[in-house]
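Since the model is a prediction, treat every value here as computed from it, not as a measurement. Atoms within a ligand are numbered from 1 in the order they appear, just like the ligands themselves.
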Amino acid sequence: MAPILLNCMGNDHEYIKQQVQVKNPYLDTMEEDILYHFSLSTKTHNLPEMFGDIKFVCVGGSANRMKAFAQFIHQELKLPGNPEEIRDICEGTDRYCMYKVGPVLSISHGMGVPSISIMLHELIKLLHHAQCRDVVLFRLGTSGGVGLAPGTVVITDKAVDYSFRPQFEQVVLGKVITRSTELDEGVANELLQCSSELQNFPSVIGNTMCTHDFYEGQGRLDGALCSFSHEEKLEYLRKAYEAGVRNIEMESTVFAAMCRVCGLKAAVICVTLLNRFEGDQITSPHDVLVEYQQRPQVLVSHFIKKRLGHIV
Ligand SMILES: O=P(O)(O)O[C@H]1O[C@H](CO)[C@@H](O)[C@H]1O
Ligand SMILES: O=c1cc[nH]c(=O)[nH]1
């Protein structure tokens with residue numbers, strides 16, 4: 001049966017269950033597909049054998065965090081072997097790191113939309129070439145909180161842009177294409193349920209604003225450039241809060257949009273490192289920040305263990 005193509009807003013729900021869809025007719029005509037930034041290729045690697053059993057893909061900005069997550073999930077799933085010895089599948093490149101732990105893939109994506117978007121093109125092609133089915137993607141990140149105490153885990157309802165619109169704009173051949181950033185409601189609710197089963201686990205569902213910059217783009221007063229007042233900053237954050245925004249980060253809209261167009265269920269889970277109404281600098285001690293960053297990992301590990309029947 002011919003694949004059902006989604007339109008560019010990706011709102012054809014019929015399709016979502018099964019295989020990972022690439023939306024590029026040219027791929028089928030290529031003799032070899034080199035996933036350059038992963039240092040993998042359809043000719044030199046048996047992708048179905050290496051990755052065909054993947055069910056959960058977890059991505060996050062930092063290479064060290066995603067290695068730590070791979071080691072953590074290895075222990076949580078009680079898999080054989082030494083978690084200290086897991087190998088970076090992308091060791092042939094230093095762009096991204098990638099670890100496979102049973103049915104879980106853990107990958108770093110760097111900072112910002114361009115970096116994660118390159119990674120996602122190659123990841124989605126990888127899952128497609130490997131004939132993966134029923135895969136769920138999670139972004140495990142850090143963020144600035146909007147009216148929330150530091151350490152709160154935000155499960156994203158809608159990923160929104162700088163004007164609080166649930167959309168991502170991509171420039172293609174000099175024209176702007178707009179894609180929906182709607183995430184999977186069922187997965188978000190399942191994550192919220194998981195969070196209620198964990199002890200002392202502050203979490204909320206809310207909108208996540210994605211910006212193209214950490215400083216001016218997020219209304220910080222402490223960058224090298226600043227052209228607005230303290231009052232103007234607070235006014236923008238107040239408007240964001242009224243629009244349902246509870247945290248700010250830098251990848252969620254393109255992550256949501258690309259997953260949606262390709263029929264992948266996806267969720268964004270980011271811990272807040274500070275409350276942006278109270279400041280801009282991240283002042284918590286290193287050990288506190290490390291513990292905060294583990295919170296999305298703990299939540300997603302609980303979700304995965306439940307899905308795999310390790311917890312009833
Ligand atoms: O913690 P990660 O996943 O890197 O995400 C957040 O942290 C970075 C900024 O410090 C941005 O990439 C932002 O989205
Ligand atoms: O304030 C913050 C903290 C982490 N990541 C962001 O993008 N912003």
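By the side chain to side chain donor-acceptor pair (under 3.5 Å) test, Gln131 pairs with no residue at all, sequence neighbours left out.
The environment of CZ in Phe277 is crowded: more than 12 heavy-atom neighbours from other residues, nucleotides or ligands sit within 6.0 Å.
Counting only heavy atoms from C-beta outward, the side chains of Phe38 and Leu123 approach each other to under 4.5 Å.
Residue Arg139 approaches ligand 1 through these ligand atoms, each under 4.0 Å from one of its heavy atoms: 2 (P), 3 (O), 5 (O), 6 (C), 14 (O). Ligand 1 places these atoms under 4.0 Å from at least one heavy atom of Glu249: 14 (O). Near Gly61, meaning under 4.0 Å from one of its heavy atoms, ligand 1 places the atoms 2 (P), 3 (O), 4 (O). Distances below 4.0 Å separate heavy atoms of Thr142 from the following atoms of ligand 1: 1 (O), 2 (P), 5 (O), 6 (C), 7 (O). Contact atoms of ligand 1 toward Arg65: 1 (O), 2 (P), 3 (O), 4 (O) (distance under 4.0 Å to a heavy atom of the residue).
Among residue pairs with one or both ends in residues 116-126, those qualifying as side chain to side chain donor-acceptor pair (under 3.5 Å) are Asp33-Lys125, His37-Glu122; sequence neighbours excluded.
A side chain to side chain donor-acceptor pair (under 3.5 Å) with Lys306 holds for exactly one of Glu190, Gln193, Glu197; it is Glu197.
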Are any protein N/O atoms closer than 3.5 Å to the N/O atoms of ligand 2? If there are, list each pair with names and the distance to one decimal place.
residue, atom, partner, partner atom, Å
ligand 2, 1 (O), Gly144, N, 3.4
ligand 2, 1 (O), Arg220, NH1, 3.3
ligand 2, 1 (O), Arg220, NH2, 2.6
ligand 2, 7 (O), Gln218, NE2, 2.9
ligand 2, 8 (N), Gln218, OE1, 2.9

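Counting only N and O atoms by type, the side chains of Thr211 and Gln218 include a donor and acceptor under 3.5 Å apart. For the residue pair Thr93 / Ser39, no side-chain donor-acceptor distance below 3.5 Å is found, with atom types taken as modelled. When only modelled atom types and interatomic distance are considered, Asn247 and Thr272 share no side-chain donor-acceptor pair under 3.5 Å. The closest side-chain donor-acceptor pair between Ser301 and Glu76 falls under 3.5 angstrom.
With Glu251, Met66, Met111, Gln293 as candidates, the residue nearest to atom 13 (C) of ligand 1 on a non-hydrogen basis is Glu251.
Checked against a 3.5 angstrom limit, the closest N/O atoms of Met250 and ligand 1 fall inside it.
For atom 10 (O) of ligand 1, the nearest non-hydrogen atom of the protein is Phe214 CE1, 3.7 Å.
Val176 belongs to a hydrophobic cluster whose remaining members, ordered by chain and number, are Val171; membership requires side-chain heavy atoms of ILVMFWY residues under 4.5 Å apart, directly or through intermediates.
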